[in-house]
2 protein chains.
Amino acid sequence: MNYPKGVRPPEPEGRKKAIRISPKGTEANRGMDFEADINASNEWYRSHDIAIVTKRPTPINVVKVDYTKGAMITHAYFEKQSTTDYNGVYKGRYLDFEAKSTRSRTSFPLANIAPQQIEHLEGVMRHGGIAFFLINCSLIGETYLLPADWICRFYREKPRKSIPIAEIKEHGFLLKEGLEPRYDYLKAVEEAFFPK
Amino acid sequence: MNYPKGVRPPEPEGRKKAIRISPKGTEANRGMDFEADINASNEWYRSHDIAIVTKRPTPINVVKVDYTKGAMITHAYFEKQSTTDYNGVYKGRYLDFEAKSTRSRTSFPLANIAPQQIEHLEGVMRHGGIAFFLINCSLIGETYLLPADWICRFYREKPRKSIPIAEIKEHGFLLKEGLEPRYDYLKAVEEAFFPK
């Protein structure tokens, strides 16, 4: 995590409009909790020598640096990630994915996904990489792996502005949750991309 | 590039000590030129649908954000990359590498490489990824791909504090330079990792 609790880069429109109904915290905070859990899962995979998956740091556009104060940045802005948040290597294969959290009980708004993320994941698939989304439905308490080919097709065809949760359940792979790793998403990767 | 010309995060010790003898600019600037050329090569590979390789943004530790000024960061510091600068996918395989520039005509100082980068690349190799260094010898005008297994072994055994250029020439793969892509490092990846 490269920003302190409560500080995070701007979200795509879909999330900003979400209504805050939980007393526990803001939508952004919940997204950060999910991100922190994925980061912890990645650290568990790394320390158990199962895979190496890292989060791309949030890109920051640095405008001004004060060298009299030990290269302190005094003026900068968060930028949007032009690709996805996570990539890495598992069993020699390239993995690339985006982790998203939604509070909706009915659907996942496509506005949560930036067009350049779709393009990036389509490119990854053309080059033989494993591409997917992890969608955390925080109020339902379930998280699904959705292969990127399915999401990208849905996005390109845009039958709706959001993906019904029923379709996520039908086409996705439910993640096993636990203490360690918090989200065993590589088990779902096995199911989805390494069929027996 | 997430920082303007002339602004860059602190370098490992080895480079700081380099003597500036060229009137063209500082050591840091030259490192940035090489980085910019690799970024341009990656963009060429992407636009020609050959591979997807991206630079990890420089991690920044954000201390303070002014929300009254549109989420302007007013206090932050550059952090050291805990992994490498570049990773991506080529022919389904995971690629991971670090790009370094040196002005020395005789050797490449190992102090340019952080211990956690060696650990990271060793992990990548254990998981079947393709790991290497691109070493730009700017005064000689040559750039070499060195497989990470060779560099990591050299680093672990530390027969010297730097790698003689003669050994880099012997064990490395000379990059073809041109207009587009500026550095055709995937040709060297083919030679080194996809032997006919």
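Note on naming: letters A, B, ... go to the chains in the order of the sequence lines (proteins, then strands), and numbering restarts at 1 for each one. Everything numeric in this text was worked out from a predicted model, so none of it was measured.
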- Is there side-chain contact between Ile73(B) and Phe78(A), with at least one heavy-atom pair below 4.5 Å? yes
- Test side chain to side chain contact (heavy atoms under 4.5 Å, CB included) on Ile60(B) and Val62(A) and set out the steps. CA-CA 10 Å; Ile60(B) 289 178; Val62(A) 174; 3.7 Å; yes
- Which one of Ala51(A), Gly128(A), Gly70(A), Ala76(A) has the most heavy-atom pairs closer than 4.5 Å to chain B? Ala76(A)
- Do Phe194(A) and Tyr94(A) share a hydrophobic cluster, counting only Ile, Leu, Val, Met, Phe, Trp and Tyr and linking them when any side-chain heavy atoms are less than 4.5 Å apart? no
- Message: Under 4.5 Å between side-chain heavy atoms, counting indirect links through other Ile/Leu/Val/Met/Phe/Trp/Tyr residues: same cluster for Met125(B) and Ile118(B) or not?
- Response: no
- Item | Which portion of Thr83(A) sits near chain B, non-hydrogen atoms under 4.5 angstrom | side chain
- Atom pair CE (Met72(B)) and NE2 (His75(A)), whose distance is rounded to the nearest 0.5 Å: 4.0 Å
- So how far is it from Arg46(A) CZ to Glu119(B) CD, rounded to the nearest 0.5 Å? 7.5 Å
- Item | Best-contacting candidate, Gly129(B), Ser82(B), Gly123(B), Gly88(B), against chain A by heavy atom pairs under 4.5 angstrom | Gly88(B)
- Close side-chain approach of Asn87(A) to Val89(B), heavy-atom, < 4.5 Å: no
- Query: Does the side chain of Pro57(B) come within less than 4.5 Å of Gln81(A)'s, by heavy atoms?
  - Reply: yes
- In the single-linkage hydrophobic clustering (I, L, V, M, F, W, Y; side-chain heavy atoms under 4.5 Å), do Ile168(B) and Ile113(B) co-cluster? yes
- Message: If you count heavy atoms of other groups shown closer than 6.0 angstrom to NZ of Lys187(A), is the number above 12?
- Response: no
- Option that, when pairs with chain A are counted at under 4.5 Å, heavy atom only, ranks first among Asp96(B), Leu95(B), Ile130(B), Asp49(B): Asp49(B)
- Query: Atom NZ of Lys69(A) and atom OH of Tyr77(B): how far apart are they, to the nearest 0.5 Å?
  - Reply: 8.5 Å
- Task: Indicate if Val124(B) and Leu186(A) have the same hydrophobic cluster label, given that clusters are the connected sets of ILVMFWY residues with side-chain heavy-atom separations under 4.5 angstrom.
- Result: no
- Query: Does the side chain of Arg56(A) come within less than 4.5 Å of Thr54(B)'s, by heavy atoms?
  - Reply: yes
- Message: With a 4.5 Å cut-off on side-chain heavy atoms, are Arg126(A) and Ile52(B) touching?
- Response: no
